[in-house]
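Please read all numbers here as calculations on a predicted model, not as lab measurements. Residue numbers start at 1 and run along the sequence shown.
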Amino acid sequence: EWDGNLVVKGVLRPEDAKRMVDMGADCIWVSNHSGRQFEAGPAVIDQLPKVRAAVGPDVPLIYDSGVAWGLDIMRARALGADFVMACVGNDDDLRSVCLGDDGALAGMSKGAIFVDHTTVSATVTRELYALAADMGVAFVDAPVSGGQAGAENGQLGIMCGGDQAAYDAAEPIMGAYYKACKRLGENGAGQLTKMVNQICIAGLVQGLSEGLNFAEKAGLDGKEVVEVIMHGAAGSWQMANRYETMVDDKFDYGFAVDWMRKDLGICLDEAKNNGAPLPVTEVVDKFYGDVQELGGGRWDTSSLIKRFRS
């Protein structure tokens, strides 16, 4: 049983909002993914009436489009909260949400837990962990994988770092929207694991792009080819979920190229610190730069294949 307050920042399903209220949340805050966005994303706006209907008329429902005035609400909304869950855009966005007189940490009580679902550097995670600890607040780095569809369907993978006790307390709350969740180690381990995730995805998507382009050049039906090979050693989530849209030249089904480049930049920076060579990741990052130059910054990551078609 859980008796406390909860602030939710991000796109969530109405049924999960209702579940959180049933668990004791006294307000729901729905926000855009990035603190730097100045326009409300349609996925967020479309959910507002559904969330309201699910939680009823008496639960405060806060919407923040991400503009600067929303930052002073962070402290006010975090007052008395046992848990604050955040998912913003990058290192600077996370600092702006957490720090300062109007930041979330300033409004949190000793013993409260801040869970960060943003993909950021391990450096800022360690920085905020230390600052939060000085204030008596626990900090769990918990980046997610699965994209918007995973969030909407409660099928996210969550990679966590931080103190065991803080993770144990936060894990049941995250249960509203994850398929798999695991603590990988101390502070920063979640972010480092997310880097591994993005490194693996980069190579997979490039390989799939090359394979489908090869099939096209060879006069084969790309969809029929994948429908055979996906059941063998070549199969992957990317192949199963993206091959049809890639063949159809449609790229509005997932995580954007702009965000992927941000994440791969984090991976490459960390690799410089730990000495891990990332030759394929470095090349694929440049290829995503080519996609951006084609105007595809908001296309999903499977748009790597567009380089072969331009």
Side-chain angles (χ1 to χ4, degrees), residues 2 4 6-10 74 78 81-100 103-146 150-151 156-201 259 262-278 281:
W2 174 64
L6 180 66
V7 176
V8 177
K9 197 171 192 295
M74 278 304 303
D82 295 317
F83 298 90
V84 174
M85 332 293 274
C87 188
V88 288
N90 54 37
D91 287 23
D92 291 340
D93 293 336
L94 184 59
R95 287 190 180 96
S96 69
V97 164
C98 291
L99 302 179
L105 295 180
M108 298 177 70
S109 303
K110 289 185 177 180
I113 300 172
F114 189 100
V115 178
D116 174 39
H117 289 311
T118 316
T119 298
V120 291
S121 69
T123 299
V124 73
T125 291
R126 295 174 182 132
E127 169 193 327
L128 293 175
Y129 173 89
L131 291 171
D134 289 342
M135 303 170 74
V137 174
F139 188 99
V140 176
D141 56 298
V144 299
S145 181
L156 292 172
I158 308 181
M159 301 143 270
C160 299
D163 300 339
Q164 185 71 57
Y167 170 79
D168 289 343
E171 189 273 336
I173 310 303
M174 294 186 284
Y177 45 87
Y178 78 68
K179 180 180 181 180
C181 182
K182 187 176 181 67
R183 176 181 177 270
L184 285 307
E186 300 301 324
N187 172 248
Q191 294 298 343
L192 293 170
T193 303
K194 179 61 183 288
M195 294 176 206
V196 175
N197 185 81
Q198 302 305 76
I199 290 166
C200 293
I201 290 173
W259 292 114
K262 183 265 293 184
D263 290 358
L264 293 182
I266 291 172
C267 298
L268 293 168
D269 287 342
E270 187 65 30
K272 293 176 184 177
N273 295 330
N274 66 24
L278 297 178
T281 303

Starting at [atom1] of [X], measure out to [atom2] of [Y] and round the result to the nearest 0.5 Å.
{"X": "Met195", "Y": "Thr281", "atom1": "CE", "atom2": "OG1", "answer": "12.5 Å"}
{"X": "Arg183", "Y": "Asp141", "atom1": "CZ", "atom2": "CG", "answer": "10.0 Å"}
{"X": "Asn273", "Y": "Thr123", "atom1": "CG", "atom2": "OG1", "answer": "6.5 Å"}
{"X": "Glu127", "Y": "Thr125", "atom1": "CD", "atom2": "OG1", "answer": "9.5 Å"}
{"X": "Ser121", "Y": "Leu192", "atom1": "OG", "atom2": "CG", "answer": "10.0 Å"}
{"X": "Cys267", "Y": "Leu278", "atom1": "SG", "atom2": "CG", "answer": "7.0 Å"}

Taking all non-hydrogen atoms of both residues into account, name the closest pair between [X] and [Y] and its distance.
{"X": "Tyr129", "Y": "Phe139", "answer": "CD1-O, 3.6 Å"}
{"X": "Val137", "Y": "Phe114", "answer": "CG1-N, 4.2 Å"}
{"X": "Glu270", "Y": "Ala122", "answer": "OE1-CB, 4.1 Å"}
{"X": "Gln198", "Y": "Leu264", "answer": "O-CD2, 3.9 Å"}
{"X": "Val140", "Y": "Cys160", "answer": "CG1-CB, 4.3 Å"}
{"X": "Ile113", "Y": "Ala166", "answer": "CD1-O, 3.7 Å"}

Between [X] (side chain) and [Y] (backbone), is there a donor-acceptor pair under 3.5 Å?
{"X": "Asn274", "Y": "Ala276", "result": "yes"}
{"X": "Asp91", "Y": "Val120", "result": "no"}
{"X": "Ser109", "Y": "Ala112", "result": "no"}

Are side-chain N/O atoms of Asp168 and Gln164 paired as donor and acceptor at under 3.5 Å?
yes
Between [X] and [Y], is any pair of side-chain heavy atoms under 4.5 Å apart?
{"X": "Ser96", "Y": "Asp92", "answer": "no"}
{"X": "Gln191", "Y": "Asp116", "answer": "yes"}
{"X": "Leu184", "Y": "Tyr167", "answer": "no"}
{"X": "Thr118", "Y": "Asn90", "answer": "no"}
{"X": "Lys262", "Y": "Thr119", "answer": "yes"}
{"X": "Ile201", "Y": "Asn197", "answer": "yes"}

Could you give me the CA-CA distance, side-chain angles and deciding distance for Leu99 and Leu128, then say whether side chain to side chain contact (heavy atoms under 4.5 Å, CB included) is met?
CA-CA 9 Å; Leu99 302 179; Leu128 293 175; 3.6 Å; yes
Please tabulate, for side-chain N and O atoms in residues 170-182, each donor-acceptor pair with protein atoms closer than 3.5 Å (sequence neighbours left out).
from   : atom 1 : to     : atom 2 : distance (Å)
Glu171 : OE2    : Tyr178 : OH     : 2.1
Tyr177 : OH     : His117 : NE2    : 2.7

